[in-house]
Amino acid sequence: MERTGPTVRFSGLLAAATAAVLAAGALVATAPAAGAADVDLARNGGFESGLDGWSCTAASGAVVSTPVHGGTKALKATPAGSDNAKCSQTLTVKPNSSYTLSAWVQGSYVYLGATGTGTTDVSTWTQSSGAWKQLTTTFRTGPSTTSVSVYTHGWYGTPAHYVDDLTLVGPGGDPVVIPAVPAGLKTTAIASSSVALSWNAVSGASGYNVYRGGAKVATATGPSATVTGLTPSTAYSFQVSATNAAGESAKSAAVTATTTAGGGGGGDTKLPARALVGYLHSSFANGSGYTRMADVPDSWDVINLAFGEPTSVTSGDIRFALCPVAECPNVESEAEFKAAIKAKQAAGKKVLISIGGQNGQVQLASTAARDAFVTSVSKIIDTYGLDGLDIDFEGHSLSLNTGDTDFRSPTSPVIVNLISAVKSLKAKYGSDFVLTMAPETFFVQLGYQFYGSGPWGGQDPRAGAYLPVIHALRDDLTLLHVQDYNSGPIMGLDNQYHTMGGADFHIAMTDMLLAGFPVAGDTTKVFPGLRPDQVAIGLPASTQAGNGHTTPAEVNKALNCLIKKTDCGSYQTRGTWSDLRGLMTWSINWDRFNSWEFSRNFDAYFGN
């Protein structure tokens, strides 16, 4: 969240992270002669059938009739922003076998590579190719590898490039067979209207179907799912099957669960079924103007005071004070501010202190900083009689140390100490303590592709760094509202990049939080989906508030898709998230500046 106008820094971070991944192992190998039994496994490698068989990021890929290397068609791919124009396909291969990957390319900085080999992933590239040039590399599959992904892409900010006659020559893979029946189905969280499930991953499965009482109610790409829309205090039976191109397995053994009477997870904080969350500029002024607490309309259910900030980056000592009169001439007195908070709470609203923001870097790198954080935040909460805490750590507050690769058991001190500090605050204030978080997409959804410094090092260590915090605190978490703005393109569960500013971005980003996803593509490390009542969509209230402003019509489309599974466009959600909690915005002040467009649309949509 920003004190001033929007600052776009995401695309450079993503480019750096991606570049580090690409830099590893990008060596050209000498191609051996193909064996007699070898075949070309690539599907539509000459692009004569358009993009059939290929998956290209964003709108970067198109088939053209000139220039071509062979046949009548070739691929034209155009990098844009932080999209490197990647096109890929997954092919069936044999374990412990050698393969030769080749393609003819034209253009600057064109890459060819393969991932998921089970040994060493490979890539090769050409810096400049004014005429058609053949790129070739080889690899050997691992002892259990049955599929690999082959790809081409360009580089950020470069012109369009062309690809034609791509081949993958080697032993043909075994026919795809129907996967085995999933084992180990169990419940991982039970609430009044939802049940979270997990099971053992099945080799060869590309997805899973979840059944309730024999009827399919959800699909998943990994071994976990959350079934929503359930009735409190009701027993349900669940099964799961595995799917791939060959078909669907039989259903697993059933597991039963009885939903709770109400509440559950994150404490009974008595939020309305649909909540509107907003940040109030209380400690500073900017172009939106100062808004007194007493003047905040009743539409707002959760009011986050922006911001509590540290005395220094590593001190953990958080301070909060009202905006100085010289900066905010219409600021209320401390007594008036506290009285207005009590009035809001009497009307059923929650008022939280938000820690961090764009300028408030907080690194709890030591236990002393952790303890100072708990003490100082407690003092703010007690002084103003607040209901809880919002964590809005941005910039360099959270990062993962080299070797910290599993979000389920983090080792980086800034992560471990933050988790410990929040658990201490929760224990001190009890079940009514409201805990919310407002991370940026770089720290959450980007974790689907990149996590920390990566297996070879060199990636941005902040990639996905919020995931261990969210996971460790999921039972205490009231609301997660990721900032779906000031963001570069992010890959969704459909393995396509999605760009901020329209319904599609919010649908894809929110679906990831609710369905869960394998972190850094590792299906043994799946981030489980959150309950829908724990999730709100974060948006800017006006064009002045942040990059990625979404019009009310597009906001409503996103809500329709997620809650009702209508108006979904090209992205299909993994479930129908009828209990989605609501919306968050930066900020109440900017919404007032924009004639209350954001909150009025929320009220109209939900009939408030």
Undergrad: Please check if any side-chain donor atom of Gln345 sits under 3.5 Å from a side-chain acceptor atom of Asp387, or the reverse.
TA: yes
Undergrad: Might you confirm whether atom NZ of Lys342 has over 12 heavy atoms from other residues, nucleotides or ligands at distances under 6.0 Å?
TA: no
Undergrad: Under a 3.5 Å distance rule, please check whether Arg474 uses its side chain to pair with a backbone N or O of Val469 as donor and acceptor.
TA: no
Undergrad: Determine the minimum heavy-atom distance between Thr259 and Tyr236, stating which atoms define it.
TA: CG2-CE1, 4.0 Å
Undergrad: Using every non-hydrogen atom in the two residues, find where Leu493 and Ala515 come nearest and quote the distance to one decimal.
TA: CD1-CB, 3.9 Å
Undergrad: Less than 4.5 Å apart, any side-chain heavy atom of Glu597 and any of Pro552?
TA: yes
Undergrad: Looking at every non-hydrogen atom in both residues, tell me the closest pair between Pro468 and Ile419 and how far apart they are.
TA: O-CD1, 3.7 Å
Undergrad: Restricting to non-hydrogen atoms, name the atom on Met584 and the atom on Tyr485 that form the minimum distance, rounded to 0.1 Å.
TA: CE-OH, 4.1 Å
Undergrad: Is it true that Phe443 and Phe393 have ring centroids separated by less than 6.0 Å?
TA: no
Undergrad: Please answer whether the main-chain N or O of Ser412 pairs with a side-chain N or O of Asp404 as donor and acceptor at a distance below 3.5 Å.
TA: yes
Undergrad: Is there a donor-acceptor pair closer than 3.5 Å between any side-chain N or O of Ser376 and the backbone N or O of Asp317?
TA: no
Undergrad: Is it true that, when you exclude Lys428 itself, more than 12 heavy atoms of the residues, nucleotides or ligands shown sit nearer than 6.0 Å to its NZ?
TA: yes
Undergrad: Is a side-chain donor or acceptor of Asn304 paired with a backbone partner of Ser354 at a separation under 3.5 angstrom?
TA: no
Undergrad: If you look at every heavy atom in Ser299 and Ser599, which pair is closest and at what distance?
TA: CB-CB, 4.2 Å
Undergrad: Could you walk me through whether Gln572 and Thr219 pass side-chain contact (heavy atoms from CB on, under 4.5 Å), step by step?
TA: CA-CA 11 Å; Gln572 295 299 310; Thr219 60; over 6 Å; no
Undergrad: Quick one: do the Asp295 and Tyr290 side chains pair a donor with an acceptor below 3.5 Å?
TA: no
Undergrad: Can you see whether Asp392 engages Gln483 through a side-chain donor-acceptor pair at a distance of less than 3.5 angstrom?
TA: yes
Undergrad: Under 4.5 Å between any side-chain heavy atoms of Tyr384 and Ile353, yes or no?
TA: no
Undergrad: Would you compute the distance between atom OG1 of Thr543 and atom CH2 of Trp590 and round it to the nearest 0.5 angstrom?
TA: 8.5 Å
Undergrad: Out of curiosity, Asp390 CG to Phe307 CZ, how far, rounded to the nearest 0.5 Å?
TA: 8.0 Å
Undergrad: Roughly how far, to the nearest 0.5 Å, is the CG atom of Leu514 from the CG atom of Leu580?
TA: 6.5 Å
Undergrad: Are more than 12 heavy atoms from other residues, nucleotides or ligands located less than 6.0 Å from atom NZ of Lys344?
TA: yes
Undergrad: Salt bridge check: are Asp476 and Lys423 linked by an N-O gap of less than 4.0 Å?
TA: yes
Undergrad: Closer than 3.5 angstrom, by distance alone: can the side chain of Tyr429 be matched with the main-chain N or O of Ser378 as a donor-acceptor pair?
TA: yes
Undergrad: Distance only, no hydrogens: is a donor on one side chain within 3.5 Å (strictly under) of an acceptor on the other, for Tyr451 and Asp522?
TA: no
Undergrad: Heavy atoms only: give me the nearest Glu332-Leu322 pair and the separation to one decimal.
TA: O-CD1, 3.8 Å
